[in-house]
Amino acid sequence: GAHAHRPGGAGGVHRSTSSVLLTFESHEARESFAHLLHARWRACAPVAAGDAEGAAAEARQLREALAAWRSGALSNLDYLLAVNQLAGRSYHDLNQYPVMPWVLADYESAHLDLQDARTFRDLSKPVGALTPARLAEFRERYLESKAAAEEEAREDAGARGGGAAGVRPFMYGT
(Lines give C-alpha, C1' and ligand atoms only; values in the text may rest on other atoms or scores of the structure.)
Protein backbone atom coordinates (compact mmCIF):
# COMPACT_ATOMS: atom_id res chain seq x y z
CA GLY A 1 0.00 0.00 0.00
CA ALA A 2 0.84 3.67 0.16
CA HIS A 3 2.53 3.26 3.57
CA ALA A 4 4.78 0.35 2.61
CA HIS A 5 7.89 2.46 1.95
CA ARG A 6 7.41 5.21 4.51
CA PRO A 7 9.77 5.45 7.50
CA GLY A 8 6.90 4.78 9.95
CA GLY A 9 6.06 1.37 8.47
CA ALA A 10 7.22 -2.10 9.40
CA GLY A 11 6.32 -5.45 7.96
CA GLY A 12 7.05 -9.06 8.64
CA VAL A 13 6.43 -12.52 7.29
CA HIS A 14 5.82 -15.55 9.46
CA ARG A 15 7.13 -18.99 8.48
CA SER A 16 3.55 -19.83 7.53
CA THR A 17 3.89 -17.05 4.89
CA SER A 18 1.20 -14.97 6.57
CA SER A 19 2.27 -11.35 6.81
CA VAL A 20 1.61 -8.26 8.84
CA LEU A 21 2.12 -4.59 8.03
CA LEU A 22 2.24 -2.06 10.86
CA THR A 23 2.13 1.71 10.54
CA PHE A 24 3.48 3.89 13.34
CA GLU A 25 3.00 7.57 14.09
CA SER A 26 6.69 8.26 13.60
CA HIS A 27 10.03 6.78 12.63
CA GLU A 28 11.07 6.92 16.29
CA ALA A 29 8.01 4.91 17.39
CA ARG A 30 8.77 2.30 14.75
CA GLU A 31 12.42 2.07 15.86
CA SER A 32 11.38 1.73 19.50
CA PHE A 33 9.00 -1.10 18.57
CA ALA A 34 11.67 -2.77 16.43
CA HIS A 35 14.21 -2.71 19.27
CA LEU A 36 11.64 -4.11 21.71
CA LEU A 37 10.61 -6.83 19.26
CA HIS A 38 14.22 -7.73 18.49
CA ALA A 39 15.11 -7.98 22.20
CA ARG A 40 12.02 -10.13 22.85
CA TRP A 41 12.74 -12.32 19.83
CA ARG A 42 16.35 -12.90 20.88
CA ALA A 43 15.17 -13.85 24.38
CA CYS A 44 12.56 -16.31 23.04
CA ALA A 45 14.26 -17.69 19.94
CA PRO A 46 16.47 -20.70 20.51
CA VAL A 47 18.80 -19.48 17.77
CA ALA A 48 19.35 -15.95 16.57
CA ALA A 49 19.86 -15.32 12.87
CA GLY A 50 23.45 -14.60 11.99
CA ASP A 51 25.20 -16.77 14.56
CA ALA A 52 26.77 -20.19 13.97
CA GLU A 53 23.79 -22.07 15.41
CA GLY A 54 21.45 -20.03 13.23
CA ALA A 55 23.47 -20.89 10.13
CA ALA A 56 23.39 -24.57 11.11
CA ALA A 57 19.61 -24.41 11.60
CA GLU A 58 19.17 -22.80 8.18
CA ALA A 59 21.41 -25.44 6.60
CA ARG A 60 19.27 -28.14 8.24
CA GLN A 61 16.07 -26.51 6.95
CA LEU A 62 17.56 -26.37 3.46
CA ARG A 63 18.58 -30.06 3.60
CA GLU A 64 15.07 -30.97 4.79
CA ALA A 65 13.42 -28.96 2.01
CA LEU A 66 15.74 -30.54 -0.57
CA ALA A 67 15.01 -34.05 0.69
CA ALA A 68 11.25 -33.36 0.65
CA TRP A 69 11.48 -31.99 -2.90
CA ARG A 70 13.56 -34.92 -4.12
CA SER A 71 11.07 -37.40 -2.65
CA GLY A 72 8.13 -35.61 -4.26
CA ALA A 73 6.66 -34.43 -0.94
CA LEU A 74 7.35 -30.81 -1.92
CA SER A 75 6.36 -29.29 -5.27
CA ASN A 76 8.85 -27.35 -7.39
CA LEU A 77 7.12 -24.10 -6.43
CA ASP A 78 7.10 -24.89 -2.72
CA TYR A 79 10.78 -25.85 -2.85
CA LEU A 80 11.70 -22.59 -4.61
CA LEU A 81 9.63 -20.63 -2.09
CA ALA A 82 11.42 -22.40 0.79
CA VAL A 83 14.84 -21.61 -0.71
CA ASN A 84 13.81 -17.98 -1.26
CA GLN A 85 12.49 -17.71 2.30
CA LEU A 86 15.75 -19.08 3.71
CA ALA A 87 17.56 -16.47 1.60
CA GLY A 88 15.44 -13.72 3.19
CA ARG A 89 13.31 -13.09 0.09
CA SER A 90 9.59 -12.37 0.29
CA TYR A 91 6.65 -11.32 -1.88
CA HIS A 92 6.11 -8.67 0.78
CA ASP A 93 9.33 -6.78 0.01
CA LEU A 94 9.83 -5.51 -3.54
CA ASN A 95 13.55 -5.12 -2.86
CA GLN A 96 13.89 -8.79 -1.91
CA TYR A 97 11.27 -10.38 -4.18
CA PRO A 98 11.60 -14.16 -4.64
CA VAL A 99 13.72 -15.38 -7.54
CA MET A 100 12.13 -17.94 -9.83
CA PRO A 101 14.22 -19.48 -12.60
CA TRP A 102 13.10 -19.30 -16.20
CA VAL A 103 13.80 -22.83 -17.42
CA LEU A 104 11.41 -23.49 -20.30
CA ALA A 105 12.09 -22.67 -23.92
CA ASP A 106 8.99 -24.28 -25.44
CA TYR A 107 5.84 -22.22 -24.91
CA GLU A 108 4.04 -23.37 -28.06
CA SER A 109 3.63 -27.14 -27.77
CA ALA A 110 0.37 -28.52 -26.42
CA HIS A 111 2.39 -31.12 -24.46
CA LEU A 112 5.92 -30.76 -23.14
CA ASP A 113 8.42 -33.54 -23.74
CA LEU A 114 10.53 -33.36 -20.60
CA GLN A 115 13.06 -35.74 -22.16
CA ASP A 116 13.76 -33.35 -25.05
CA ALA A 117 16.54 -30.88 -24.27
CA ARG A 118 14.93 -28.34 -26.64
CA THR A 119 12.05 -28.02 -24.14
CA PHE A 120 14.39 -26.21 -21.76
CA ARG A 121 16.35 -23.00 -22.19
CA ASP A 122 20.14 -22.96 -22.23
CA LEU A 123 20.99 -22.32 -18.58
CA SER A 124 24.63 -21.60 -19.45
CA LYS A 125 23.53 -18.19 -20.80
CA PRO A 126 21.73 -15.32 -19.09
CA VAL A 127 18.18 -14.66 -20.27
CA GLY A 128 19.39 -11.62 -22.20
CA ALA A 129 21.69 -13.75 -24.36
CA LEU A 130 19.38 -16.61 -25.32
CA THR A 131 19.18 -15.62 -28.98
CA PRO A 132 21.56 -13.59 -31.15
CA ALA A 133 18.87 -10.88 -31.49
CA ARG A 134 18.38 -10.61 -27.70
CA LEU A 135 22.14 -10.55 -27.14
CA ALA A 136 22.56 -7.74 -29.70
CA GLU A 137 19.70 -5.80 -28.08
CA PHE A 138 21.19 -6.09 -24.59
CA ARG A 139 24.69 -5.26 -25.79
CA GLU A 140 23.31 -2.12 -27.45
CA ARG A 141 21.40 -1.25 -24.28
CA TYR A 142 24.57 -1.79 -22.23
CA LEU A 143 26.63 0.47 -24.48
CA GLU A 144 23.94 3.17 -24.37
CA SER A 145 23.76 2.92 -20.57
CA LYS A 146 27.54 2.99 -20.30
CA ALA A 147 27.78 6.08 -22.53
CA ALA A 148 25.04 7.85 -20.53
CA ALA A 149 26.72 6.95 -17.21
CA GLU A 150 30.12 8.14 -18.44
CA GLU A 151 28.59 11.40 -19.69
CA GLU A 152 26.86 11.91 -16.34
CA ALA A 153 30.13 11.18 -14.51
CA ARG A 154 31.95 13.72 -16.71
CA GLU A 155 29.28 16.32 -16.00
CA ASP A 156 29.43 15.61 -12.27
CA ALA A 157 33.23 15.69 -12.29
CA GLY A 158 33.19 18.92 -14.28
CA ALA A 159 30.86 20.48 -11.73
CA ARG A 160 33.27 19.40 -8.95
CA GLY A 161 36.38 20.30 -10.95
CA GLY A 162 37.73 16.72 -11.09
CA GLY A 163 38.16 14.00 -13.69
CA ALA A 164 35.54 11.42 -14.66
CA ALA A 165 35.54 8.20 -12.71
CA GLY A 166 34.91 4.89 -14.49
CA VAL A 167 31.21 4.33 -13.84
CA ARG A 168 29.69 1.04 -14.92
CA PRO A 169 25.93 0.96 -15.62
CA PHE A 170 23.59 -1.40 -13.84
CA MET A 171 21.84 -3.69 -16.32
CA TYR A 172 18.10 -4.04 -15.84
CA GLY A 173 16.28 -6.99 -17.31
CA THR A 174 19.15 -9.39 -17.88
Side-chain angles (χ1 to χ4, degrees), residues 1-7 9-21 49-50 54-55 58-59 61-174:
H3 301 290
H5 296 287
R6 292 193 180 171
V13 181
H14 188 267
R15 287 180 195 258
S16 69
T17 69
S18 61
S19 62
V20 64
L21 176 64
E58 287 182 353
Q61 289 174 329
L62 182 58
R63 283 192 306 275
E64 290 172 358
L66 179 60
W69 174 69
R70 283 181 172 164
S71 72
L74 206 55
S75 71
N76 290 345
L77 175 62
D78 288 332
Y79 174 71
L80 290 171
L81 290 174
V83 170
N84 275 285
Q85 183 179 3
L86 286 168
R89 294 185 165 277
S90 164
Y91 285 111
H92 307 286
D93 182 352
L94 294 178
N95 295 315
Q96 295 295 322
Y97 212 70
V99 175
M100 299 293 171
W102 176 14
V103 296
L104 294 179
D106 181 358
Y107 291 93
E108 296 178 10
S109 299
H111 300 283
L112 293 178
D113 179 359
L114 300 181
Q115 303 305 315
D116 185 354
R118 293 175 297 181
T119 299
F120 304 98
R121 80 170 185 88
D122 181 354
L123 295 174
S124 71
K125 297 178 181 176
V127 173
L130 289 177
T131 66
R134 284 180 66 89
L135 180 57
E137 176 187 337
F138 280 103
R139 281 187 172 153
E140 182 179 336
R141 190 182 302 173
Y142 174 81
L143 292 174
E144 289 172 358
S145 296
K146 182 179 178 184
E150 287 171 349
E151 176 62 27
E152 185 177 323
R154 278 191 297 277
E155 289 173 3
D156 288 347
R160 291 189 317 270
V167 177
R168 303 188 83 165
F170 180 81
M171 290 299 296
Y172 292 94
T174 59

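For the numbers below, each heavy atom of this structure counts, side chains included, while hydrogens, waters and symmetry mates do not.
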Could you tell me which residues satisfy side chain to side chain donor-acceptor pair (under 3.5 Å) with S75, sequence neighbours excluded, listed by chain and number?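 So S75 forms a side chain to side chain donor-acceptor pair (under 3.5 Å) with D78.
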Do E137 and R134 meet the salt-bridge criterion of a basic N to acidic O distance under 4.0 Å?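 Between E137 and R134 there is no salt bridge, as every charged N stays at least 4.0 Å from the carboxylate O atoms.
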Tell me the closest heavy-atom pair linking [X] and [Y], and the distance in Å.
| X | Y | answer |
| --- | --- | --- |
| L80 | P101 | CD1-CD, 3.7 Å |
| R121 | P126 | NH1-C, 4.3 Å |
| Y97 | R89 | O-NH1, 2.7 Å |
| G88 | Q96 | O-CB, 3.9 Å |

Distance in Å, [X] [atom1] paired with [Y] [atom2], rounded so as to fall on 0.5 Å steps:
| X | Y | atom1 | atom2 | value |
| --- | --- | --- | --- | --- |
| S145 | E152 | OG | CD | 11.5 Å |
| K146 | E151 | NZ | CD | 14.5 Å |
| L81 | N76 | CG | CG | 11.0 Å |
| L135 | Y142 | CG | OH | 13.5 Å |
| E64 | Q61 | CD | CD | 7.0 Å |
| F138 | L143 | CZ | CG | 13.5 Å |

Trace of the side-chain hydrogen bond (donor to acceptor under 3.5 Å, both in side chains) decision for D106 with S109: CA-CA 6 Å; D106 181 358; S109 299; 2.5 Å; yes
All pairs passing ring pair (Phe, Tyr, Trp, His ring centres under 6.0 Å) where residues 66-85 contributes a residue, at least two apart: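 Pairs touching residues 66-85 that pass the test: W69-Y79.
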N84 vs M100, test: side chain to side chain contact (heavy atoms under 4.5 Å, CB included). Steps then yes/no. CA-CA 9 Å; N84 275 285; M100 299 293 171; 4.1 Å; yes
Check: L130 and W102 side chains under 4.5 Å, non-hydrogen atoms: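 Yes, close enough: below the 4.5 Å cut-off.
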